[in-house]
Amino acid sequence: MIENLVIVESPAKAKTIERFLGENYVVKSSFGHIRDLEKKDLGIDIEHNFQPKYEISPDKKAIVKELKQLAKEAKTVWLASDEDREGEAIAWHLFEVLGLKKENTKRIVFHEITKDAILHAINNPRDIDKNLVDAQQARRVLDRLVGFEVSPVLWKKVKPSLSAGRVQSVAVKLIVEREREINHFVEQKYYKVTGTFETKDANGNSIPLKAELSERFSTQEETVNFLEHCKKAAFSVSDVETKPSSRKPAPPFTTSTLQQEASRKLGFSVSQTMAVAQKLYEQGHITYMRTDSVNLSQLAIGAAKAVICNTLGEKYSKPRNFATKTKGAQEAHEAIRPTYMDKESISGDKNEQQLYSLIRKRTLASQMAEAELEKTTITIAITGEKHTFEAVGEVIVFDGFLKVYMESFDDEKEDDEAALLPAIHKGDQLQRSLIQALEQYTTHPPRYTEASLVKKMEALGIGRPSTYAPTITTIQNRGYILRESRDGTERQLDQIDLKGQDIKVKKISRIFGAEKKKLFPSDIGMVVTDFLSNYFTNIMDYNFTANAEDALDHIAEGEVEWQSMIGTFYQPFHANVEKTLKESERNTGARELGKDPQTGETVSVRIGRFGPMAQIGEGESVRYAGLLKGQLMETITLEEALDLFKFPRQLGEFEEKPVSVGIGRFGPYIKHNQLFVSLKKGVDDPGTITLETAIERINEKREIEKNRKIQEFENGVQILNGRFGPYITFNKVNYKIPKGKEADKLTFEETMEIIAKEGDSKKKTTKKTTKKAAPKATKKETKKETKKETKKKE
DNA sequence: CAGTGAGCGAGCTTCCGCTTGACTT
């Protein structure tokens, strides 16, 4: 017999709570939701007032069985899932599925995992809030209806297996719209002028003062005119203004801000951040990592204060409570913070240590005093000229929170170092040493990174802390967007120097348009976004989720029945689905580029069965070519499209066999005597590569092939060098070499032993996976792809 | 792996939010 059974959502939480509650309590975890709408079909009985058809999730069968047994034996069952819509629903599903009875079931909630908070919760139980549960059911049903009615429209009208959803479709739209903004952006040339002046410090040493002209010139003529004027002009300090300012620390981390800072400061992807944070959480180093709250417990605020006072002194301490401003925040947890504030570092790998340190610094900084700054602006007048030079400097009077943590921003400029300015006064005359004008260009809005997309989604109230990372993975796996780095192109810019009485123009080179791990839309992403925006305008509206949230709030307040809210949405929505199926054209994003100058036939692009392609002519003479990576149907030119048809191109002969360049599914390649060699990215251009370079690549590949084989035994077993180091291959199956063995010293017996062992474990794992429910399609896809890739590389 | 792009039709795909593993490369 069990006295008390407490059910929480996370096993790590269960472990901690069990410690606080003592032996009369058994604490178990449900591992999140245990039940969901039927996986197959719609799972909603439209005819009967949208009655949901729930089923136990396949991977939760075992845990449900265990909980059922424990619940039967327990005197009291405490449902302690999170205090938000989803948590309330989990409690209700548990109540239903475990067959609990009202008289011995209690619903409790706590926002922080401290003994006091939990005991307080135990002493203040309540009933399940059915209105809140209904709000969750409405949310769930709405998402299913949108996803499962719109996706099939895409299958019919665009391409099979595509997906649409309240969150993902809008996330893709953000990236598509940004790309179009960039394409339509017209850059403006201007000249930025900086002056360097000689000043002297108290000891008579000269100190240069750098100042920027308040005006930017748009032509070289104007710029040179100005420099000509400066030749004989005098410069004097017309104003020195000093203003005190202060800077406040940022609030402690939420999931979204943690992902952003880890991306900017540590270069983590959002899923990487979550994986590392999960480890820290499981080891008890930090509080829960999926949260939208900036709230800290009193305990944490006190602990932070103690650490700050002890290590830095009292004047650095300033306890604060932060208010959450995020739309639709549910605040079931605390902000992300260290569980033990005084623990400066933790054991673990480098990533774990770095992320922990980031979280700790951010938390401490949030509880520290403002930084006191002094901003000085020096204005330098030019005789006979209305424009002035300005130098801005910032001095930290008191560092405050900056002592431990400085927040980063996406658009940080490199040369924005707030310099220390020399002590000069109004009326001082200045000598110019150099006046320099540099040709510059306005820049288009930046492409999203994973983290800045999360920031935008959060601002729009789209998605939740638990879904930001998976959503980004999904839209990449579906091929709607891709994350890429691109080398910029080099450009020659004019730099015009005035030194003494000489004006000199010189060319300097700068790299433009380099992108690092940015999000780009694909053709399919653009076509799908356009299609959905056309036919499902309301769902693609950035306010759709925010409006839905308002309606869900009314349900949670008990003012509206959830079925009536869904009914209001569904009636016109479903009619629109039917109408779109009947009336809309198949959408391939087809676009005419012009005429082929050689044949006069029409050149066009569209999405074909295997992706984006170009086409010349129709009927008998039709020719096709796939687009290259990085080319978009929307922006490809006629010339670029025509270039695609120049392949395969014959380069000549090598060792009496023809050498040709072609473009395949995996990019440009050289073909010679059954051997395929990829071109070197960024170095070789398939249009211009010479026979000589091609032979070089062929020889390089032969060299690699030669070094590939480390050992070979009589029965055909080989030890090879692969992309990930040495491995064993036998009968087309690969086996990894256990750690501590050296590939070149393995004997035949040892090798066969490894094959036998590895083979066994391989069989086991395949059995396991077949036993389990079919994995999600996205997972399948990634698995397939990685397999393919390894094959390709080895 | 190095091309492909028709049309037919079976049978499949798909959502968002809660949670962790079990995969290995």
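Scope of the values below: all heavy atoms of this structure, side chains included, with no hydrogens, waters or symmetry mates. Here the structure is a predicted model, which means the values were calculated and not measured. Naming: A, B, ... by sequence-line order, numbering from 1 per chain.
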Would you indicate, yes or no, if dC15(B) has its OP1 or OP2 atom less than 4.0 angstrom from a side-chain nitrogen or oxygen of Q168(A)?
yes
Base, sugar-phosphate, or nothing: which does G87(A) touch, judged by heavy atoms less than 4.0 Å apart?
nothing
Would you indicate what S81(A) reaches in the nucleic acid, counting non-hydrogen atoms under 4.0 angstrom: base, sugar-phosphate, or nothing?
nothing
The single option from R85(A), R166(A), R139(A) passing salt bridge (charged side-chain N to carboxylate O under 4.0 Å, His left out) against E549(A):
R85(A)
Want to settle it: does I34(A) or L145(A) sit nearer the 5' end of DNA chain B, counting the closest nucleotide to each?
L145(A)
In whole angstrom, what separates H33(A)'s NE2 from dC16(B)'s P?
14 Å
Would you kindly give the CZ-to-C1' distance between F148(A) and dT13(B), to the nearest whole Å?
9 Å
With stacking defined as ring centroids separated by under 5.5 Å and planes differing by under 30°, is F31(A) stacked against dC18(B)?
no
Let me spell it out: for each of R166(A) and W155(A), pick the nucleotide of DNA chain B with the closest heavy atom. Which residue's pick is nearer the 5' end?
W155(A)
Under 4.0 Å, heavy atoms only, any strand: does G165(A) hit a base, just the sugar-phosphate, or nothing?
sugar-phosphate
State whether R697(A) and E700(A) are salt-bridged, where the test is any N-O pair (Lys NZ or Arg NE/NH1/NH2 against Asp/Glu carboxylate O) under 4.0 Å.
yes
CD of Q615(A) to OH of Y624(A): how many Å apart, nearest 0.5 Å?
4.5 Å
Under 3.5 Å donor-acceptor pair, R140(A) side-chain atoms to dC15(B) base atoms
yes
Expressed as a whole number of angstroms, how long is the span from R35(A):CZ to dT19(B):P?
19 Å
Are T467(A) and dG17(B) close enough that a side-chain N or O sits under 4.0 Å from OP1 or OP2?
yes
Quiz item: R290(A) side-chain donor-acceptor pair to dC18(B) base, under 3.5 Å:
no
From dC16(B), dT14(B), dC18(B), nucleotide with atom closest to D143(A) side chain
dC16(B)
Would you indicate what Y281(A) reaches in the nucleic acid, counting non-hydrogen atoms under 4.0 angstrom: base, sugar-phosphate, or nothing?
sugar-phosphate
Under 4.0 Å: is that the gap between some side-chain N or O of Y468(A) and OP1 or OP2 of dG17(B)?
no
Is the cationic atom of R144(A) (NZ for Lys, CZ for Arg) positioned less than 6.0 Å from the six-membered ring centroid of F148(A) and within 45 degrees of its normal?
yes
Take atom NE2 of H93(A) and atom C1' of dT19(B), then tell me their distance rounded to the nearest Å.
14 Å
With a cut-off of under 6.0 Å to the ring centre and 45° to the axis, is R35(A) in cation-pi contact with W92(A)?
yes
Cation-pi check for Y281(A) against K13(A): NZ or CZ below 6.0 Å from the six-membered ring centre and within 45 degrees of the axis, yes or no?
no
If you look at every strand shown and take non-hydrogen atoms under 4.0 Å, does A89(A) touch a base, only sugar-phosphate, or nothing?
nothing
Checking all strands, does I663(A) fall into the base, sugar-phosphate, or nothing category for heavy-atom contacts under 4.0 angstrom?
nothing
Out of dT19(B), dC16(B), dC18(B), which nucleotide sits closest to the side chain of R464(A)?
dC18(B)
Atom CZ of R623(A) and atom P of dT4(B) are separated, to the nearest Å, by 12 Å
Measure from the side chain of P152(A), starting at C-beta and using heavy atoms only, and say which of dC18(B), dC16(B), dT14(B) lies closest.
dT14(B)
What is the distance, rounded to the nearest whole Å, between atom CD of E149(A) and atom P of dC16(B)?
15 Å
For a quick test of reading the model: is some side-chain N or O of Q278(A) closer than 4.0 Å to OP1 or OP2 of dT20(B)?
yes
Could you work out which one of dC18(B), dC16(B), dA6(B) sits closest to the side chain of D36(A)?
dC16(B)
Just the rounded figure in Å: distance from P of dC18(B) to CG of D292(A).
9 Å
Of the options dT20(B), dT14(B), dC18(B), whose atoms approach the side-chain atoms of P11(A) most closely?
dT20(B)
Out of dA2(B), dC15(B), dT13(B), which nucleotide sits closest to the side chain of S163(A)?
dC15(B)
Would you please classify the geometry between the Y570(A) ring and the F573(A) ring as parallel, tilted or perpendicular, with 30° and 60° separating the classes?
tilted
In this structure, how many angstroms lie between the P atom of dT14(B) and the CG atom of L37(A), rounded?
17 Å
If you look at every strand shown and take non-hydrogen atoms under 4.0 Å, does V167(A) touch a base, only sugar-phosphate, or nothing?
sugar-phosphate
So, is S151(A) close to the dC15(B) phosphate, meaning a side-chain N or O under 4.0 Å from OP1 or OP2?
no
Can R107(A) and E88(A) be counted as an ion pair, charged N to O under 4.0 angstrom?
yes
Which nucleotide in the set dA2(B), dG5(B), dT20(B) lies at the smallest distance from any side-chain heavy atom of Y624(A)?
dG5(B)
Return no unless some side-chain N or O of S10(A) is found under 4.0 Å from OP1 or OP2 of dT20(B).
yes
Choosing from dC15(B), dG17(B), dT13(B), which nucleotide comes nearest the side chain of T474(A)?
dC15(B)
